[in-house]
Structures are given as C-alpha cells and as structure tokens.
J.: 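The structure under discussion is supplied below as structure tokens; questions concerning it will follow.
Position 1 is the first residue of the sequence, and the numbers go up from there. Note that this is a predicted model, so its numbers are computed, not measured.
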Amino acid sequence: MNENNGIINQPSPYSVPATIDRLEAVLQAKGITIFARIDQQAEAERVGLSLPPTQLLLFGNPQAGTPLMVAEPTIALDLPLKALAWEAVDSKVWLSYNDPNYLKQRFSLSDELVENIAVIAPLINQALR
C-alpha cells in the first residue's frame, strides 16, 4: 500500500516511557481501555539481550472494536489497537501505529466501520503535543 507497509511513524519529542505515559493519559481521559503495556527493552534484558528503549501499548474500546470483528473476524489479529514507542539508533524517538486506511484495505472495511479505529490519529497527535 505504501513504503511503510501501512505503518505510520511519527516523531516524538519525548523519551519512550514519557511518550507511552502521555498516550496512556490521553486514552484514559477518553475512557479507552488500556489492555497491556509491554516494556520490550526490559523483557530483552531479562534474557540477557540488548534492545533500545521500546514499549508497546495495547488499547481499545470493545464498543468500537466488536463491530469490526463481527464484520471481519480476522481483524482481531490487529485489534486491540497498538502503538509502539521506540528509540532509533540516532536516539530519535518514534511513535508508530497501523494506518487505519491500511486496515480498511486489508480487511475490506466499510467507511463507517473504519471510523471506529480512525480515532487513533488525533489521539496520537494529542499525546505528541
């Protein structure tokens, strides 16, 4: 679909933990459920491996996601929504997530259904302010 395989990468002016903290706060303020926060750097260190700061946040709203899964059960592979904060080799921090339009195309979703997940972009933008 695009050169990023349906992934939107936005620069963050914050550290990886602060980026995820900010996103988590925005989501909680909107009543969106946080299902998990995975510190992948810490998990790598537990097994003796090195990884730059990397954290994954899984979040969603069952009221919004369920109609998508009813229409296309395999979208559950990409739901709940995820956002990945990661530090590149140049120490720049990025916040990455699946482009809702990519998911629309991948799962042949209607415009109406894709609106249920398109809310991610303004929430990400709010967290990165």
Side-chain angles (χ1 to χ4, degrees):
M1 175 176 171
N2 64 33
E3 67 278 357
N4 292 324
N5 293 319
I7 298 170
I8 295 174
N9 298 301
Q10 291 190 223
S12 173
Y14 309 102
S15 70
V16 166
T19 298
I20 294 295
D21 287 347
R22 291 176 63 85
L23 180 58
E24 202 167 2
V26 166
L27 296 170
Q28 288 174 331
K30 300 283 186 190
I32 296 171
T33 302
I34 306 299
F35 294 109
R37 179 175 179 166
I38 303 166
D39 183 339
Q40 292 168 317
Q41 180 186 40
E43 293 302 316
E45 288 173 356
R46 279 182 348 113
V47 296
L49 298 174
S50 179
L51 182 70
T54 306
Q55 291 192 20
L56 181 69
L57 193 67
L58 284 78
F59 58 93
N61 177 335
Q63 201 163 17
T66 301
L68 294 162
M69 290 183 271
V70 167
E72 181 50 65
T74 59
I75 198 171
L77 290 166
D78 285 307
L79 295 179
L81 294 173
K82 298 163 198 72
L84 177 71
W86 55 283
E87 186 178 299
V89 292
D90 62 2
S91 298
K92 191 168 187 176
V93 174
W94 295 88
L95 189 56
S96 303
Y97 62 99
N98 282 323
D99 183 342
N101 289 317
Y102 170 79
L103 295 176
K104 176 183 177 181
Q105 180 181 338
R106 181 175 185 196
F107 296 104
S108 301
L109 301 174
S110 68
D111 289 340
E112 182 181 338
L113 281 175
V114 83
E115 286 177 17
N116 289 11
I117 54 175
V119 67
I120 190 172
L123 296 172
I124 296 272
N125 290 336
Q126 186 177 343
L128 293 176
R129 274 194 215 126

J.: Rounded to the nearest 0.5 Å, how far does CD of Glu43 lie from CD of Gln55?
T.: 11.0 Å

J.: In Å and rounded to the nearest 0.5 Å, what is the OG1 to CD distance from Thr19 to Glu24?
T.: 12.5 Å

J.: If you compare all heavy atoms of Ala85 against all heavy atoms of Val16, which two are closest, and at what distance to 0.1 Å?
T.: O-CG1, 3.6 Å

J.: To check you understand the geometry: which heavy-atom pair defines the closest contact between Ile120 and Pro100, and what is its length?
T.: CG2-CG, 3.7 Å

J.: With distance as the sole test, does Arg22 use its side chain to make a donor-acceptor pair with the main-chain N or O of Arg129 at under 3.5 Å?
T.: yes

J.: What are the two closest heavy atoms between Ala18 and Tyr14, and how far apart are they?
T.: CB-CB, 3.9 Å

J.: How close do Gly60 and Pro80 get, counting heavy atoms only, and between which atoms?
T.: N-CB, 4.5 Å

J.: Could you state the interatomic distance from CG (Leu57) to CG (Leu27), rounded to the nearest 0.5 Å?
T.: 6.0 Å

J.: Report yes if some heavy atom in the side chain of Leu68 is under 4.5 Å from a heavy atom in the side chain of Val114; otherwise report no.
T.: no

J.: For the CG atom of Asn98 and the CG atom of Asn5, what is their distance to the nearest 0.5 Å?
T.: 10.5 Å

J.: Output yes when Asp21 and Arg37 qualify as a salt bridge under the 4.0 Å nitrogen-oxygen rule, no when they do not.
T.: yes

J.: Indicate if Ile8 and Val93 have the same hydrophobic cluster label, given that clusters are the connected sets of ILVMFWY residues with side-chain heavy-atom separations under 4.5 angstrom.
T.: no

J.: In the structure I gave you, are the side-chain heavy atoms of Phe107 and Leu113 within less than 4.5 Å of one another anywhere?
T.: no

J.: Say you draw a straight line from OG of Ser110 to NZ of Lys104; how long is it, rounded to the nearest 0.5 Å?
T.: 8.0 Å

J.: Do the side chains of Asp78 and Arg106 get nearer than 4.5 Å, heavy atoms only?
T.: yes

J.: Which ILVMFWY residues can you reach from Leu84 by hopping between side chains whose heavy atoms are under 4.5 Å apart?
T.: Phe35, Ile38, Leu56, Leu58, Trp86, Trp94

J.: Which atoms form the tightest heavy-atom contact between Pro62 and Pro67, and what is the distance?
T.: O-CD, 4.2 Å

J.: If you look at every heavy atom in Gly65 and Leu79, which pair is closest and at what distance?
T.: O-CD1, 4.0 Å

J.: With side chains defined as the heavy atoms from C-beta onward, is the minimum distance between Lys92 and Pro11 less than 4.5 Å?
T.: yes

J.: Got Asn61 and Val119 here, is their nearest side-chain heavy-atom distance under 4.5 Å?
T.: no

J.: Just how far is it from atom CD1 of Ile32 to atom CG of Leu123, taken to the nearest 0.5 Å?
T.: 5.0 Å

J.: Could you go through the side-chain contact (heavy atoms from CB on, under 4.5 Å) check for Ile20 and Leu95 one step at a time?
T.: CA-CA 9 Å; Ile20 294 295; Leu95 189 56; 4.3 Å; yes

J.: Going only through I, L, V, M, F, W and Y residues with side-chain contacts under 4.5 Å, is there a path from Val26 to Leu81?
T.: yes

J.: Is the side chain of Gln41 donor-acceptor paired with the backbone N or O of Leu51 at a distance under 3.5 Å, no angle test?
T.: yes

